[in-house]
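Only this structure's heavy atoms are used, side chains among them; waters, hydrogens and symmetry mates stay out. Everything numeric in this text was worked out from a predicted model, so none of it was measured. Within every chain, numbering begins at 1; the chains are lettered A, B, ... in the order of the sequence lines, protein sequences first and strands thereafter.
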Amino acid sequence: MNELSSRYNPKETEEKWLKVWKDRNIFHATPNPAKKPFTIVIPPPNVTGILHMGHALNNTLQDILIRYKRMNGFETLWMPGTDHAGIATQNVVEKQLTKEGKRRQDLGRDAFLKKLWAWKQEYGNTIIHQLEKLGSSCDWSRTRFTMDDDYSEAVKEAFIHLYQKGLVYQGRYIINWCPRCQTALSDEEAEHQEKNGKLYYIRYLFKNNPKESVIVATTRPETMLGDTAVAVNPKDPRYSKFIGQALILPLLNREIKIIADDFVSTEFGTGAVKVTPAHDPNDFAMGQRHKLEMINIMHADARINEHGGQYNGLDRFEVRKRVVADLEAQGFLVKIEDHKHAVGHCYRCDTVVEPYLSKQWFVKMKPLVKPALEAVKNGTITIKPERWEKVYINWMEEIRDWCISRQIWWGHRIPVWYDKEDNIFVAKSEEEAQAQAHAKYGKPVDLRQEEDVLDTWFSSWLWPFATLGWPKENADLKYFYPTNVLMTASEILFFWVARMIMAGYEFKGKVPFTEVFIHGTVRDAKGRKMSKSLGNAIDPLEIIEEYGADALRFSLIINSGQDIFISKEKFEIGRNFANKIWNASRLVFLNCQQGLEEGFETLELAKLDLPSRWILGAFYQALSKTSSAIEFFRYSEAENSMQDFFWGDFCDWYLELIKGKFGDVNVQKTALFVLKNSLKLMHPFIPFVTEETYSRLNAGDKCLSVAPWPVLQKELMDKEAFNQMQTIIDVISTIRNIRTQWNVKPNDSVDVILSPDNVSVERLLKENQADMQRLGRVRILTIDPKIQAVKDAASALVGSLKVFIPLGGLVDLAAEKKRMVQEIVQKQKSIGALQSRLANEAFVSQAPQDVIAKEKERLATLQKETSELNKVLSNLA
RNA sequence: GGGCAAGUAGCUCAGUUUGGUUAGAGCAAUUGAUUUACAUUCAAUAGGUCGUAGGUUCAAGUCCUACCUUGCCCACCA
């Protein structure tokens, strides 16, 4: 073992174990009737993705859980894979094309898709390799992609199923349109940002009486080109007499009517609203109610079209400026006010989305919601932390239909074919569609497939079962479904989690998972989201390179409460801890060869010395704390308690205590035993360094990754020994404190003289003199009545339990006296408070007995200490 | 506009579910240690009217009410 370096080398170790795990295929899961299954599906990262801190956190949390369950004897499956991420991926390849001066339309659909697949082939596994590097114990042999052939079958199956049930429909609606991506966006994909805009007041003259007018207010004046009415509230006295009258639309001089609609608020603006059914969702609804003409004034790229008269061909924002200028020039603009409002932006390219009238495919959500809502309400699925359940329920209750068609090419093309008369044939393939058409017309007809593809989430919502083989009902699906836990960030609760639950019920008749754990967002030290554009992102790969994956994982988890604020220095904590484990193991190996050879799996408590009995108790306490924290999703707590034990108890105390006792083979065995079990305890959090050291303990070839979790051995927990050792630790700590305070030179010993009423402690300390001497530089003396006064003095300094006297004139008596006076004053205050409390009848009658007893005890202690202090003070004087 | 969360040491956070001893940790600061498993180490010190104001209670960081500040989510008010 001498060849082991004193500095842990994460890079070498991590590479080694990644290879071993892979070669031995130990994370592979197969249905095993002898074991219980435990399944997690990964939130599939985008194929375009590169590992960021959010992934690192998400996957570390999942890995801790799955490793813990694996060690606890479950047949664990962690299903990995990637998402094709429609718009995002298409954008990447389109950007490449732009550099070559081409557009996707120049290539055509097939050639463009070929390019996309080539891109996927080359870069699509980047994120998977990065997740591997993190130590994620996924079953990599099962890695899925949402556009695999099997997966496409599942998507088609789902679409056809919903269509046949009447839950998929096609309609002309106002949707969110991104003029840059030139596709529809779902409501969730249109991010609303609060913007300082303007509110423009425009005068519309009456046709029959140009001296009279109605003033309307709008934030988007260019849309007036598509106005087909002005609406007022039917109960509004200002306008009721005008209902049905005609106005002249300025600039275009079209005639429009005044209509009455309850939607209009009398409070806002002037109480009169211009109605543009083709460019505003509310106006669209009004347009339908009143059968208004819908005039689409825009091209798909947001240039104004021929309906915009003189503005034909200009961009929407240019037209806004010109319309306002022209209105003003012609005297129609009344005023402009500042106005704050939320404007939708494309979540991919941040372009302002345009409400746009077009033909799209939708999923009817109301029927799907019912069981999914019920499942969370009745606890079939629990979401943690609990507050997210409310958010979920709230959203589900107000759900609207889901626009699932996208006007892009990368994705699952909608399995719909049209004939010349636009009749619809929904089928898995062109052949099937042809067959349907043939059956209908009795002869082959020309069919063309729907151009649009499905929303990416329409494939993702099938993830928990489509990855297991659905729609085929195979052994995997039977054994591993439903999955157990889903871990994700809050951002995709609606996009993904809610829809998966709906899909689980609709397609499988069962929940997709029983527990959802929502973790925080990783932010920088100032609380901002980490993003490339802000330049504040810390690259996890850089951290892995510099400090190791263990360090990255450890530091992320220890900082994970709610949102995680992180800066680069925080990763030193993890690096240091890995190094600590490494060096502690070195010490043990160097000194415990005999124990290693003789074996240390079973220990006989009776043969062990006090520190050894103590450390066993401490270990099992840490074991139960850590285990239960993992079960309750309290990962930072789990990590904390295991670190506290290993570093604070095992390294700082136990290893120090036994340094002089390695001659005792039972000490060696205990050290080995506790080290080995600690490695198991720590393994889910920091798999690499633990695996490496464990392999040196175990000559055999079994990996720690598949070793059994330590079993709580109550017979090895000696409570009395634990308490005794704790006392000794207290004494030594106090002595150390005194040494610092009184500035005792390192080579000087401090004598401890025990008070006569503390016989058991005296014996304890004497029995452990060697340890006391080594760790605290202490000599234990017998009591000499002649120095009773001095004994009293020192006793008071450190409380009632022990007595300490520093050698020869090291105490600054004046300072000590002053300190003692202060202490007495403080103690008397507490005594006063306690006495009045105990004199309070209400307290005595109502408080629980144990509380009262404790208070009494505390009072007694305080009184005793105070009297001792007083005695000392008078002695010193 | 509606909802949710947070506010505790200079900084980052535990603790609040179920009220009960003297409110804990890590980092930073200060003082010291090291014939060495580890300076990626060890010990000690100092630092807090628990956002503000009320209330309930024998007892409040913890429960209730209002307010202040910050962050997040949802929402079609032109």
Side-chain angles (χ1 to χ4, degrees), chain A residues 4 6-8 174 187 192 199-200 216-220 223 231 263-265 267-276 280-285 339 341-342 344 355 385-388 390-391 394-395 398 490-491 493-494 521 523 525 527 529 547 551 558-567 569-570 572-591 634 636-637 640 643-644 651-652 655-656 659 732-733 736-741 743-744 746 775-776 826 830 834 837-838 840-848 850-852 854-855 857-859 861-862:
Chain A
L4 286 179
S6 69
R7 204 158 282 199
Y8 171 57
I174 288 270
D187 289 337
H192 286 266
L199 192 58
Y200 303 86
V216 297
T218 177
T219 54
R220 293 186 298 149
T223 61
F263 163 77
V264 182
S265 152
E267 318 275 303
F268 191 91
T270 59
V273 189
K274 59 191 270 315
V275 183
T276 322
D280 183 278
N282 296 313
D283 295 4
F284 175 76
H339 180 67
H341 62 145
E386 245 173 81
R387 62 173 181 277
W388 292 106
K390 283 189 219 162
V391 178
N394 193 12
W395 186 75
E398 281 167 29
S490 59
E491 286 103 55
L493 182 61
F494 305 137
T521 308
R523 298 170 183 279
K529 245 185 192 177
Y547 296 142
I558 205 90
N559 283 296
S560 69
Q562 299 201 11
D563 280 359
I564 302 178
F565 299 80
I566 212 136
S567 56
E569 306 85 66
K570 294 218 168 155
E572 289 173 10
I573 305 169
R575 178 199 59 182
N576 295 356
F577 187 50
N579 193 58
K580 190 74 184 176
I581 295 171
W582 178 256
N583 276 297
S585 311
R586 268 180 75 219
L587 176 71
V588 174
F589 292 139
L590 285 169
N591 293 290
R634 306 169 78 128
S636 64
E637 199 179 303
N640 229 323
Q643 187 200 22
D644 264 6
C651 294
D652 289 348
L655 292 183
E656 292 303 326
K659 268 182 182 169
I732 295 178
S733 301
R736 283 172 169 171
N737 174 2
I738 292 208
R739 297 184 72 93
T740 315
Q741 272 190 8
N743 212 2
V744 180
L775 293 188
Q826 262 194 1
S830 308
L834 271 175
R837 191 139 191 239
L838 285 163
N840 186 334
E841 257 178 57
F843 174 69
V844 178
S845 61
Q846 288 177 41
D850 59 318
V851 172
I852 296 173
K854 274 181 191 166
E855 297 281 66
E857 199 181 307
R858 205 177 125 217
L859 179 64
T861 315
L862 277 169

When we call it a touch if two heavy atoms are under 4.0 Å apart, what does [X] touch: a base, just sugar-phosphate, or nothing?
X	value
A:Phe263	base
A:Pro385	nothing
A:Val264	base
A:Arg220	nothing

Go through [options] for me and flag the one nearest to the [X] side chain.
X	options	answer
A:Arg634	B:G15, B:U57, B:C77	B:G15
A:Ala842	B:C38, B:C58, B:U40	B:C58
A:Ala847	B:U40, B:C58, B:A78	B:C58
A:Lys659	B:A78, B:A37, B:U57	B:A37
A:Gln846	B:U40, B:C58, B:C38	B:C58
A:Phe494	B:U40, B:C42, B:C74	B:C74
A:Thr219	B:A37, B:A78, B:G20	B:A78
A:Glu855	B:A37, B:U21, B:A78	B:U21
A:Lys580	B:A5, B:A78, B:C42	B:C42

Opposite nucleotide pairing with [N], Watson-Crick or G-U, both atom distances under 3.5 Å:
N	result
B:U12	B:A25
B:U56	none
B:U35	none

What distance, rounded to whole Å, do you find between the two [atom1] atoms, one in [N] and one in [M]?
N	M	atom1	answer
B:U62	B:U17	P	10 Å
B:G71	B:G32	P	44 Å
B:C72	B:C27	C1'	27 Å
B:U12	B:A28	C1'	11 Å
B:A23	B:A66	C1'	26 Å
B:U65	B:C4	P	12 Å
B:G19	B:G55	C1'	15 Å
B:G20	B:A29	P	35 Å

Decide yes or no, distance alone: a donor-acceptor N/O pair under 3.5 angstrom between the base of B:C58 and the side-chain of A:Asn840.
-> no
Check if the side chain of A:Lys390 and the base of B:C4 share a donor-acceptor pair of N or O atoms closer than 3.5 Å.
-> no
Distance, rounded to the nearest Å, where [X] contributes [atom1] and [N] contributes [atom2]:
X	N	atom1	atom2	value
A:Glu841	B:U57	CD	C1'	17 Å
A:Asn640	B:C27	CG	C1'	13 Å
A:Ile558	B:C27	CD1	C1'	12 Å
A:Asn591	B:U36	CG	P	13 Å
A:Leu834	B:C58	CG	P	18 Å
A:Asp652	B:A37	CG	C1'	12 Å
A:Lys570	B:G26	NZ	P	14 Å
A:Arg575	B:U40	CZ	C1'	5 Å

Would you call the rings of A:Trp582 and A:Tyr8 parallel, tilted or perpendicular if under 30° counts as parallel and over 60° as perpendicular?
-> tilted
Are [X] and [Y] close enough that some pair of their side-chain heavy atoms sits under 4.5 Å apart?
X	Y	answer
A:Leu838	A:Ile852	yes
A:Asn282	A:Ile174	no
A:Arg837	A:Leu859	no
A:Asn583	A:Arg586	yes

Sub-3.5 Å donor-acceptor pair from the side chain of A:Asp280 to the main-chain atoms of A:Pro355, do we have one?
->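 Here the side-chain-to-backbone pair does not exist.
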Rounded to the nearest 0.5 Å, how far apart are OG1 of A:Thr270 and CG of A:Leu199?
-> 9.0 Å
A:Val851 or A:Val273: which one's nearest nucleotide on RNA chain B is closer to the 5' end?
-> A:Val851
A:Glu656 or A:Lys854: which one's nearest nucleotide on RNA chain B is closer to the 5' end?
->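 By nearest-heavy-atom nucleotide position, the 5'-most residue is A:Lys854.
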